[in-house]
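First comes the structure, then the notes that go with it.
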Amino acid sequence: MRQSRAFIPTLKESPADAEVASHRLLLRAGFMRKVASGIYDFLPLGTAVLRRIMDIIREEMKAAGAQEVLLPILQPRELWEESGRWSRYGEEMMRLKDRSGREFGLGPTHEEMITDLVRSNTGSYRDLPLNLYQIGPKYRDELRPRFGLLRGREFIMKDGYSFDRDEEGMLESYRAMYEAYGRIFTRCGCAWRAVEADTGLIGGDVSHEFMVPAEIGEAQIAYCDSCEYAANLEKAGYRRETPRGPRPDLRPQEAHTPGKRTIEEVSGFLGVEPRMMIKCLMYLVEDRPVAVLLPGDREANEAKLARALGTETFRLFAPEDWERFPLYLQGFVGPVGLEGARVIADQGLQEAADLVCGANRVDHHLLHVSPGRDFQVDAYCDLGTALEGDACPRCEAGRLRREAGIEVGQIFQLKTRYSLPLRAFYRDERGESRPMVMGTYGIGVSRLMAAVVEQNHDDRGMIWPEELAPADLHILPLDWSREELREEAEALYREARERGLEVLLDDRDERAGSKFADADLIGIPWRAVIGREFLKTGRLELQARRDGEKSLLSRGELLERLTVKRHPAARGKISAG
RNA sequence: CGGGGCGUAGCGCAGUUUGGUCAGCGCGCCGGCUUUGGGAGCCGGAGGUCGGAGGUUCGAAUCCUCUCGCCCCGACCA
């Protein structure tokens with residue numbers, strides 16, 4: 001590609017509304033442009049990178065036995081009624097009507113569509129297993145699109161679905177996808193981590209997320225510094241230490257705590273460590289009050305709470321709830337003598353003794369309280385959020401660490417979550433009808449592109465990993481008006497392309513500084529500089545974008561070196577478009 | 001949806017408090033000359049219904065009302 005004719009509108013200044021590196025650099029380097037909140041055009045360079053990511057995905061999917069399909073974005077309401085998600089998906093689904101009033105949704109995901117396709121075209125155990133995937137745009141009307149490609153309303157996604165005869169088969173499909181995902185993210189130049197993930201109430205019981213560590217990541221993960229354990233914070237377990245005070249023999253005793261409502265205030269006032277207190281949170285669960293108990297130093301984890309309660313319709317008491325239930329005194333609620341509320345407690349309190357909690361009387365707390373003896377608990381569950389430094393739930397020695405990450409993929413063991421309601425059945429060897437056992441596997445393709453930039457940039461621009469770069473070589477003749485330089489650049493351009501390299505030739509009549517600045521911004525991994533050195537010695541300068549390392553080479557040596565570096569499989573078929 | 005902020009040329013911004021030489025600056029763009037290893041200099045030029053609608057006024061980018069869009073924080077989130 002000749003840069004003079006390429007559509008690469010770079011910007012010297014950052015657009016004002018770009019906060020994170022990937023967003024800012026992708027705009028500045030002319031890879032994309034914003035159309036509306038959370039909606040972007042991909043320009044030629046951005047498209048080239050997406051194409052390379054998709055090529056990697058296609059190769060790995062093919063190797064893992066999956067077949068590519070392409071399903072409509074426009075999905076009829078009736079299908080979503082069948083799975084119950086037309087109403088459940090809520091405002092996040094973009095909806096529209098055709099001229100005759102028929103309703104459609106723009107696909108946020110394709111479980112219904114794929115299940116419909118498979119159920120009506122497979123009937124026998126001989127048709128299974130089946131693993132289908134597609135790559136295309138998805139639509140989610142996010143409450144708050146942000147960070148450019150990291151949370152958009154229209155984005156490119158690879159979504160895949162496996163259909164097996166039974167659970168063992170599904171586990172096999174799941175494992176194959178897990179491994180393929182690891183290869184994909186590695187080839188994309190990412191440091192990544194697979195973590196155990198929450199499935200919500202929808203997706204069966206086992207799920208993994210693939211996380212790319214990044215400061216600006218919206219997901220929080222916990223991992224063990226000693227073993228392989230890693231989990232989304234919503235799911236992360238930890239080994240509990242039971243808080244037991246020195247006097248479990250004493251009976252509860254009231255203490256005057258004037259105006260002390262928070263754990264911190266009471267702890268300071270009474271000189272008791274937060275972990276020796278009972279945090280009592282009032283939740284409104286399906287319109288009824290529930291008391292949620294935790295050790296005083298723990299935050300409640302609402303994803304875990306949803307699982308424990310078996311519903312997602314709950315909220316922490318709001319001001320109007322405190323008014324509606326005047327029996328409960330904000331700041332002084334406690335489980336002892338609490339009336340009219342279910343009580344669920346974190347497992348960490350199960351064997352605890354001699355703690356401090358609210359007395360259900362204004363300005364008073366209770367000392368020497370022991371669960372079980374002084375109050376009843378309806379259920380003990382895992383409700384707390386893991387903290388940095390907690391003991392690992394899997395191994396003896398490990399401590400948990402926390403990290404922020406960008407979720408670039410997630411895989412689910414769906415089992416029969418969709419095949420039952422959508423009646424995707426097959427006949428087994430004995431002619432009996434059985435539901436297909438499914439898995440679903442997603443990769444945020446456009447988000448992955450942004451995640452790669454978050455991990456691969458410096459203050460001057462992006463630094464593309466070789467497999468994803470929009471080109472393999474960037475040729476910079478520093479003075480286009482000098483014929484010798486021009487001729488050498490043209491020769492290199494021609495010969496590099498003959499060797500199957502994708503090349504960007506900066507044939508613009510620009511000054512050296514501008515060419516360097518744009519080249520740094522765009523981030524093609526290898527740069528051939530043709531300038532002063534060539535005029536003096538006939539050598540070219542090969543520079544690595546990542547570390548700036550330079551070597552002086554003849555044209556032939558330079559070509560040889562790059563041809564060897566080039567990944568043989570992924571190149572050469574990208575130039576269309 | 002709650003809180004905060006912002007819409008003025010392709011991009012970045014000043015001007016709005018106090019209505020009247022306020023249609024401006026830098027970058028970019030076009031033309032010319034000089035330059036040419038890290039975003040050059042000089043000269044000349046094009047480009048804006050000041051987000052939109054309505055109102056107040058002799059007069060509105062500026063004041064008022066409504067509206068649309070965008071960003072940040074929060075709530076929420078396969």
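Quantities reported herein were computed from a predicted structural model and do not represent experimental measurements. Labels below follow one simple rule: chain letters A, B, ... track the order of the sequence lines, proteins then strands, and each chain is numbered from 1.
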Just how far, in rounded Å, is [atom2] of [N] from [atom1] of [X]?
| X | N | atom1 | atom2 | answer |
| --- | --- | --- | --- | --- |
| A/Glu510 | B/rG39 | CD | P | 13 Å |
| A/Leu542 | B/rG37 | CG | P | 21 Å |
| A/Asn301 | B/rC76 | CG | P | 12 Å |
| A/Gln543 | B/rG37 | CD | P | 14 Å |
| A/Leu43 | B/rC11 | CG | P | 14 Å |
| A/Leu150 | B/rA78 | CG | C1' | 16 Å |
| A/Glu234 | B/rA78 | CD | C1' | 11 Å |
| A/Lys138 | B/rC77 | NZ | C1' | 17 Å |

Other residues, nucleotides, ligands: >12 heavy atoms within 6.0 Å of [X] [atom1]:
| X | atom1 | result |
| --- | --- | --- |
| A/Glu215 | CD | no |
| A/Glu484 | CD | yes |
| A/Glu388 | CD | yes |
| A/Glu320 | CD | yes |
| A/Met1 | CE | no |

Could you tell me whether [X] contacts a base, only the sugar-phosphate backbone, or nothing, with contacts defined as non-hydrogen atoms closer than 4.0 Å?
| X | answer |
| --- | --- |
| A/Glu218 | nothing |
| A/Lys34 | sugar-phosphate |
| A/Glu541 | base |
| A/Ala512 | sugar-phosphate |
| A/Ser37 | sugar-phosphate |
| A/Asp159 | nothing |

What parts of residues 7-18 of chain A reach RNA chain B, counting only heavy atoms under 4.0 Å away?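 Here the set is A/Lys12, A/Glu13, A/Ser14, A/Pro15, A/Ala16, A/Asp17.
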
Which residues within residues 435-456 of chain A lie with some heavy atom under 4.0 Å of an atom in RNA chain B?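 Nothing qualifies; none.
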
For A/Ile411 and for A/Gly148, locate the closest nucleotide of RNA chain B by heavy-atom distance; then report the residue assigned to the nucleotide nearer the 5' terminus.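 Looking at RNA chain B, the more 5' nearest nucleotide goes with A/Gly148.
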
Quick check: on RNA chain B, is the nucleotide nearest A/Gly531 upstream (toward 5') of the one nearest A/Gln410, or the reverse? Name the residue that is more 5'.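 Checking each residue's closest nucleotide, the 5'-ward one belongs to A/Gly531.
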
B/rC76, OP1 or OP2 - any side-chain N/O from A/Arg144 closer than 4.0 Å?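 Result: no.
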
Looking at B/rC73, I'd like to know if its phosphate oxygens (OP1 or OP2) sit under 4.0 Å from a side-chain N or O belonging to A/Arg146.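 Looking at the OP1 and OP2 atoms of B/rC73, one of them is under 4.0 Å from a side-chain N or O of A/Arg146.
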
What pairs with A/Tyr283 under side chain to side chain donor-acceptor pair (under 3.5 Å), at least two apart in sequence or on another chain?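 A/Tyr283: side chain to side chain donor-acceptor pair (under 3.5 Å) contacts with A/Glu302.
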
Partners of A/Arg140 by side chain to side chain donor-acceptor pair (under 3.5 Å), sequence neighbours excluded?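 Checked A/Arg140 against side chain to side chain donor-acceptor pair (under 3.5 Å); zero matches.
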
Can you tell me the base-pairing partner of [N]? Count Watson-Crick or G-U wobble geometry only, both distances below 3.5 Å, and say none if there is no partner.
| N | result |
| --- | --- |
| B/rC1 | B/rG74 |
| B/rU62 | none |
| B/rC13 | B/rG24 |
| B/rA40 | B/rU34 |

Integer angstrom distance from the [atom1] of [N] to that of [M]:
| N | M | atom1 | result |
| --- | --- | --- | --- |
| B/rG47 | B/rC25 | P | 14 Å |
| B/rC63 | B/rU8 | P | 16 Å |
| B/rG10 | B/rG4 | P | 31 Å |
| B/rU65 | B/rU57 | C1' | 16 Å |
| B/rA9 | B/rG5 | C1' | 23 Å |
| B/rC11 | B/rG52 | P | 15 Å |
| B/rC71 | B/rC13 | P | 14 Å |
| B/rG12 | B/rG28 | C1' | 11 Å |

Write down the protein N/O and nucleotide N/O pairs, taken from nucleotides 30-35 of chain B, whose separation is under 3.5 Å; answer none if there are no such pairs.
residue : atom : partner  : partner atom : Å
B/rU35  : O2   : A/Arg511 : NH1          : 2.6

Counting only distance, no hydrogens or angles, is the base of [N] paired donor-acceptor with the side chain of [X] under 3.5 Å?
| X | N | answer |
| --- | --- | --- |
| A/Arg28 | B/rG12 | no |
| A/Arg151 | B/rC77 | yes |
| A/Asp479 | B/rG37 | no |

Can A/Arg95 be said to sit on top of A/Trp80's aromatic six-ring, NZ or CZ under 6.0 Å from centre and within 45° of the ring axis?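 No, a cation-pi geometry is absent between A/Arg95 and A/Trp80.
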
Taking the cut-offs as 6.0 angstrom to the six-membered ring centre and 45 degrees off its axis, would you call A/Arg193 and A/Tyr223 a cation-pi pair?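 Yes, a cation-pi geometry holds between A/Arg193 and A/Tyr223.
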
Between A/Phe155 and A/Tyr139, does the ring centre distance come in under 6.0 Å?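 No: the rings miss the under 6.0 Å criterion.
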
Just verifying a value: how many Å separate A/Glu454 CD and A/Ile406 CD1, rounded to the nearest 0.5 Å?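 Between A/Glu454 CD and A/Ile406 CD1, I get 5.0 Å after rounding to 0.5 Å.
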
So if I take every side-chain heavy atom of A/Arg153 and compare against B/rC70, B/rC72, B/rA75, which nucleotide ends up nearest?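 Taking heavy atoms from C-beta onward, the closest nucleotide is B/rC70.
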
Among B/rC73, B/rA78, B/rU36, which nucleotide sits nearest the side chain of A/Ser481?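 Side chain of A/Ser481 sits closest to B/rU36.
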
Identified salt bridge (Lys or Arg N to Asp or Glu O under 4.0 Å) partner of A/Arg555 from the options A/Glu488, A/Glu490, A/Glu541: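 The passing option is A/Glu488.
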
The criterion is side-chain contact (heavy atoms from CB on, under 4.5 Å); which residues satisfy it with A/Glu286, sequence neighbours excluded?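 A/Glu286 satisfies side-chain contact (heavy atoms from CB on, under 4.5 Å) with A/Thr311, A/Thr313 once adjacent residues are dropped.
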
Tell me which one of A/Phe42, A/Tyr40, A/Phe7, A/Trp464 satisfies ring pair (Phe, Tyr, Trp, His ring centres under 6.0 Å) with A/Phe31.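 Exactly one pass, corresponding to A/Trp464.
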
Examine the side chains of A/Asp164 and A/Ser173 and answer whether a donor and an acceptor come within less than 3.5 Å of each other.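 Indeed, the side chains of A/Asp164 and A/Ser173 share at least one donor-acceptor pair under 3.5 Å.
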
